[in-house]
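Structure, as structure tokens:
Not measured: the values here are computed from a predicted model. To find a chain, count down the sequence lines: A is the first, B the second, and so on, and within it residues start at 1. Computed from heavy atoms alone, side chains included, the values below leave out hydrogens, waters and symmetry copies.
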Number of protein chains: 2
Amino acid sequence: MQDSLTIGELSVRSGVAPSALRYYERLGLIRADRTGGNQRRYARAELRRVAFIRISQQVGVSLDEIREALESLPGGRTPSPQDWERLSASWRGRLDERIRLLTKLRDDLDGCIGCGCLSLQRCTLYNPEDTLAGEGPGARLMLPRASPDGE
Amino acid sequence: MQDSLTIGELSVRSGVAPSALRYYERLGLIRADRTGGNQRRYARAELRRVAFIRISQQVGVSLDEIREALESLPGGRTPSPQDWERLSASWRGRLDERIRLLTKLRDDLDGCIGCGCLSLQRCTLYNPEDTLAGEGPGARLMLPRASPDGE
DNA sequence: CCTTGAAATGAAGTGCACTTCAACTCACAC
DNA sequence: GTGTGAGTTGAAGTGCACTTCATTTCAAGG
């Protein structure tokens, strides 16, 4: 059991494609040493970073924000469980918020199925102030949303 | 109060940019009549379609699937409340599933914050069988995920 | 040594959901 | 009738998260 992993090994063990790992490195999310022949060798601690990245993505965080979070880890030493705890906890509010909005949407959808409204009137389903912003992909430059009014 | 809307009016009342409305039309999600001068005029019923599109997006459905759903609406007559109810209900399972996965992620994150694991070992956070597939954007062609193993 | 599978690189491509741009035409109030 | 804001089009651009490709180099076993 060596103390470093090739990109192929890290890929298999993390479930992340080699191309994605190289991409993460370009973005500064993970790092690797190089062999004399210029091949990447990952310290075992990188496995945790990759795990953190994938979990964070499920929470709906962008790679750029994940990078910022990872930059707050201590340099020099291997991050402790407490370090990871702090990072994970920082997504907690976001996760709660997403769950809350989605649950609201579900409940409202129930209500609206009952009344069959689905109009833009005052239906709680269609409230831009309270929307799942950044949920999907799509262009980032959006016109400021006008408030919808009655049908 | 006229019975048709210009693209600007539909945009303001739906909160969707004109460019997005044209895009939806190209994809076959909405339709418009044309004036003699080739300008779009939307029937009021299109407002409901746009509302349905935006709500569906919040549920995490792609425009392509939304198009398929909308195609199941009756042609010829204006869709009834029951028609919309049926469509909305068809997203319900998906919404439930998303909420379930996110909630699981939250609970597991709590547990893992306690134990500080965040490894790829057997942490329930990192289970590809039970992932929020299709949550983010990103390329569609993904390598089949290898099962992650212990650190 | 030689072969063979793995790895390296940069550039380009993919998919989604749009937006932006340029050049032009409409519709309507005055 | 004229000006002005709103609308039209196709083509190209944007942002994110990657993948694919072609070409070349490495590493390790036999």
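One distance of note links CZ of B:R106 with CZ of A:R98; it measures 12.5 Å at 0.5 Å rounding. With values rounded to the nearest 0.5 angstrom, B:S90 atom OG is found 11.0 Å from B:L95 atom CG. One finds the CG atom of B:L109 at 7.0 Å from the CD1 atom of A:I55 (value rounded to the nearest 0.5 Å).
The separation between B:E65 atom CD and C:dA17 atom C1' is 14 Å, rounded to whole Å. Protein atom CG of A:L27 is 9 Å distant from nucleotide atom P of D:dC18, rounded to whole Å. B:Q57 places its CD atom 19 Å from the P atom of C:dG15, with the value rounded to the nearest Å. The CG atom of B:L21 sits 10 Å away from the P atom of D:dT8 (whole-angstrom rounding). In this entry the distance linking CG of B:D64 with C1' of C:dT14 reads 15 Å, nearest Å. The CZ-C1' distance, from B:R22 to C:dT19, rounds to 11 Å in whole Å. Note: CD1 (A:I7) to P (C:dT9) measures 9 Å, nearest angstrom. Rounded to whole Å, the distance from CD on A:E9 to P on D:dA27 is 14 Å.
Side-chain atoms of A:R94 and A:V61, non-hydrogen and from C-beta on, do get closer than 4.5 Å to each other. Counting heavy atoms from C-beta outward, A:S4 and A:D33 have side chains that stay 4.5 Å or more apart. Side chains of A:F52 and A:I66 form a contact here, defined as non-hydrogen atoms less than 4.5 Å apart.
Remark: B:Y24 is not in phosphate contact with C:dA17, judged by side-chain N or O atoms under 4.0 Å from OP1 or OP2. Within the 4.0 Å cut-off from OP1 or OP2 of D:dC18, at least one side-chain nitrogen or oxygen of A:R54 is found. Phosphate contact (OP1/OP2 of D:dT9, side-chain N/O of B:R34, threshold under 4.0 Å): present.
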Pairs under 3.5 angstrom, nitrogen or oxygen only, protein versus nucleotides 24-27 of chain C, please.
from: C:dC26; atom 1: O4'; to: B:Q39; atom 2: NE2; distance (Å): 3.3
from: C:dA27; atom 1: OP1; to: B:T35; atom 2: OG1; distance (Å): 2.9
from: C:dA27; atom 1: OP1; to: B:G37; atom 2: N; distance (Å): 3.4

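Of all nucleotides listed (C:dC18, C:dA7, D:dT20), C:dA7 comes nearest to the side chain of A:T6. Among the nucleotides D:dG7, C:dA17, D:dA17, the one closest to any side-chain atom of B:S62 is C:dA17.
Annotation: salt bridge (charged side-chain N to carboxylate O under 4.0 Å, His left out) contacts of B:E25 (sequence neighbours excluded): B:R34, B:R40.
Among the protein residues, B:R40 comes within range of the sugar-phosphate backbone only, with heavy atoms under 4.0 Å from sugar or phosphate atoms but none that close to a base.
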